[in-house]
2 protein chains.
Amino acid sequence: MLDLAILGLLQEQELHGYEIRRRLRDELGLFANISFGSLYPALSRLEAAHAVAVAESGGTATTAPSMPFTGSLSGERAGLRARRAAAPRGTKRSRKVYRITDQGLQLFDQLLDADEPAGTDDARSFGLRLAFARHLAPQARLALLERRRAQLTRRLATDQVRVAGPTLDVYARSLVEHGTEATEHDIAWLDRLIESERQKQAAPRSENHEPHAGDAVTAMKGINP
Amino acid sequence: MLDLAILGLLQEQELHGYEIRRRLRDELGLFANISFGSLYPALSRLEAAHAVAVAESGGTATTAPSMPFTGSLSGERAGLRARRAAAPRGTKRSRKVYRITDQGLQLFDQLLDADEPAGTDDARSFGLRLAFARHLAPQARLALLERRRAQLTRRLATDQVRVAGPTLDVYARSLVEHGTEATEHDIAWLDRLIESERQKQAAPRSENHEPHAGDAVTAMKGINP
DNA sequence: CATTGATATATCGAACTGATATATCGTGCA
DNA sequence: TGCACGATATATCAGTTCGATATATCAATG
């Protein structure tokens with residue numbers, strides 16, 4: 001789930017961990033306060049999978065791109081010092097700037113368009129996908145919205161069973177009822193989005209999906225006929 | 001978080017794991033689909049902490065309450081067979097029925113009234129507490145509602161910063177705006193609950209908090225003056 | 001020039017999820 | 001009768017995420 005978020009942000013520009021966290025929190029509002037204990041391992045994971053790479057875009061001068069091998073410094077620390085030495089002036093501080101790779105772009109599209117894993121925190125998962133919906137082909141976008149709508153409709157049904165069921169106390173009852181209202185509100189919102197999407201597809205004015213600028217990936221996705 | 005839910009349910013009656021899951025899902029709607037990988041470890045945890053105990057309430061006849069020591073059966077399996085043998089008719093099947101202990105009641109009150117851990121999934125945490133709000137002293141209940149209200153108000157402020165900030169694309173923007181609306185809706189709901197609580201406290205008719213029937217715990221909580 | 005606070009990366013243990021394994025019971029159906 | 005199947009039930013595993021904490025640097029402040 002977090003992988004998708006990271007890849008989505010990196011698609012717009014190179015970023016370092018701390019900044020990724022800031023954007024997720026301040027701009028998107030998803031992942032209210034994503035923990036570094038999730039973020040950094042996720043970045044390592046993605047790096048290991050060659051979906052992202054350290055950009056090392058450095059400060060002003062692009063000095064030797066590969067670590068100059070300082071010799072005596074012991075293992076782990078050496079890496080840190082090397083990075084610090086590589087970009088000392090101009091940029092804020094020693095930081096690992098990541099960029100997305102071609103494989104990363106592929107992975108992103110794959111994750112974004114994949115069926116939601118049913119069980120997990122639906123709202124988060126959907127929210128994240130919607131936030132990056134501009135990267136989806138128009139029909140995939142519509143499918144996402146409709147899948148979510150169906151999900152909420154199902155929830156509404158179970159909610160009705162709940163209120164009809166064993167008598168809940170005042171507070172639990174209020175909670176369930178408020179939940180139902182919120183779901184209805186969500187569905188109405190989705191209906192507006194779906195309507196808007198349909199219109200956009202009926203009258204396609206100029207470019208409506210990102211200037212993705214010919215990356216081989218879109219061909220795989222079946223934008224087609 | 002899950003501990004609170006378990007203790008809350010067990011407060012009403014003895015239950016086994018599978019049934020706890022069912023209630024959380026079907027009746028409360030919290031924890032959409034709580035995993036057994038969380039539930040059973042949580043029960044073990046609580047049992048280790050002496051907050052719950054296996055009730056072994058058995059079927060029709062309360063045969064020997066302690067395992068009769070079948071001898072040859074090897075370790076783990078022995079426990080299962082013993083339980084199975086202990087309550088073969090009447091009840092559904094071999095199951096571990098848990099009951100809450102005095103320490104468990106104490107822990108429940110402590111968890112329920114504790115300050116929310118700020119970071120975590122607020123909605124879930126609050127929802128859970130509200131579902132068991134009847135176990136709280138009137139002022140603690142009011143405090144819970146007001147704490148939540150303040151939380152949402154803060155969120156509303158950051159949301160406004162978000163929309164004012166860097167221009168989001170159509171979808172991300174719609175997401176944020178809908179989130180804001182939902183938060184406003186939540187606050188209005190809380191206001192209604194708070195109002196209702198205030199009235200209840202002003203005109204206290206008969207018993208308004210559970211027939212808790214003199215357990216020593218309430219004394220600790222400072223219900224007082 | 002020491003202290004504090006913001007920026008930044010990293011790691012640990014505990015908790016939760018999704019998947020899977022195992023066993024038993026009840027029911028339908030051949 | 002028997003036996004396949006689905007529901008009930010407990011348990012465990014690997015992979016993620018979270019909250020806390022450690023460490024280091026830089027900027028501002030007094």
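Each chain gets a letter, A, B and so on, in the order the sequences are listed, and its residues count up from 1.
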Rounded to whole angstroms, how far apart are CG on A:Leu15 and P on C:dA8? 11 Å

Whole angstrom value for the distance that separates C1' of C:dA15 from CZ of B:Arg124: 12 Å

Could you tell me how far apart B:Arg25 (CZ) and C:dG18 (C1') are, to the nearest whole angstrom? 15 Å

Would you say D:dT16 has OP1 or OP2 under 4.0 Å from some side-chain N or O of A:Ser38? no

Look at all strands and tell whether B:Gly37 reaches a base, only sugar-phosphate, or nothing, counting heavy atoms closer than 4.0 Å. base

B:Ile34 has a side chain; which of C:dT17, D:dG19, D:dT10 sits nearest to it? C:dT17

Starting at CG of A:Leu128 and ending at C1' of D:dT17, how long is that distance when rounded to a whole Å? 15 Å

At less than 4.0 Å, is any side-chain N or O atom of A:Tyr40 found next to OP1 or OP2 of C:dT9? Yes or no. yes

Mutual orientation of the aromatic rings belonging to B:Trp189 and A:His178 [parallel < 30°, tilted 30-60°, perpendicular > 60°]: parallel

Is there a donor in the side chain of B:Arg148 and an acceptor in the side chain of B:Gln151, or the other way round, less than 3.5 Å apart? yes

In this structure, how many angstroms lie between the C1' atom of D:dT16 and the CZ atom of A:Arg45, rounded? 6 Å

Step by step, would you call B:Arg173 with A:Glu27 a salt bridge (Lys or Arg N to Asp or Glu O under 4.0 Å)? CA-CA 10 Å; B:Arg173 180 172 207 86; A:Glu27 286 175 32; over 6 Å; no

Atom CD1 of B:Ile6 to atom C1' of C:dA15: distance rounded to whole Å? 12 Å

Would you mind reading off the distance between A:Asp3 atom CG and D:dG15 atom P, rounded to a whole angstrom? 14 Å

Of all the nucleotides listed (C:dC16, C:dT11, C:dA8), which has the minimum atom distance to the side chain of B:Met1? C:dC16

If you measure only the distance, is there a donor-acceptor pair under 3.5 Å linking the side chains of A:Ser125 and A:Arg129? yes

Nearest 0.5 Å please: distance from the CZ atom of B:Arg95 over to the OH atom of B:Tyr18. 12.0 Å

Most 5' of A:Leu2 and A:Phe36 on DNA chain D, judged by nearest nucleotide: A:Leu2

Looking only at side-chain atoms of A:Ser35, point me to the closest of C:dA10, D:dG19, C:dT11. D:dG19

Between P of D:dT10 and OH of B:Tyr98, the distance in whole Å: 7 Å

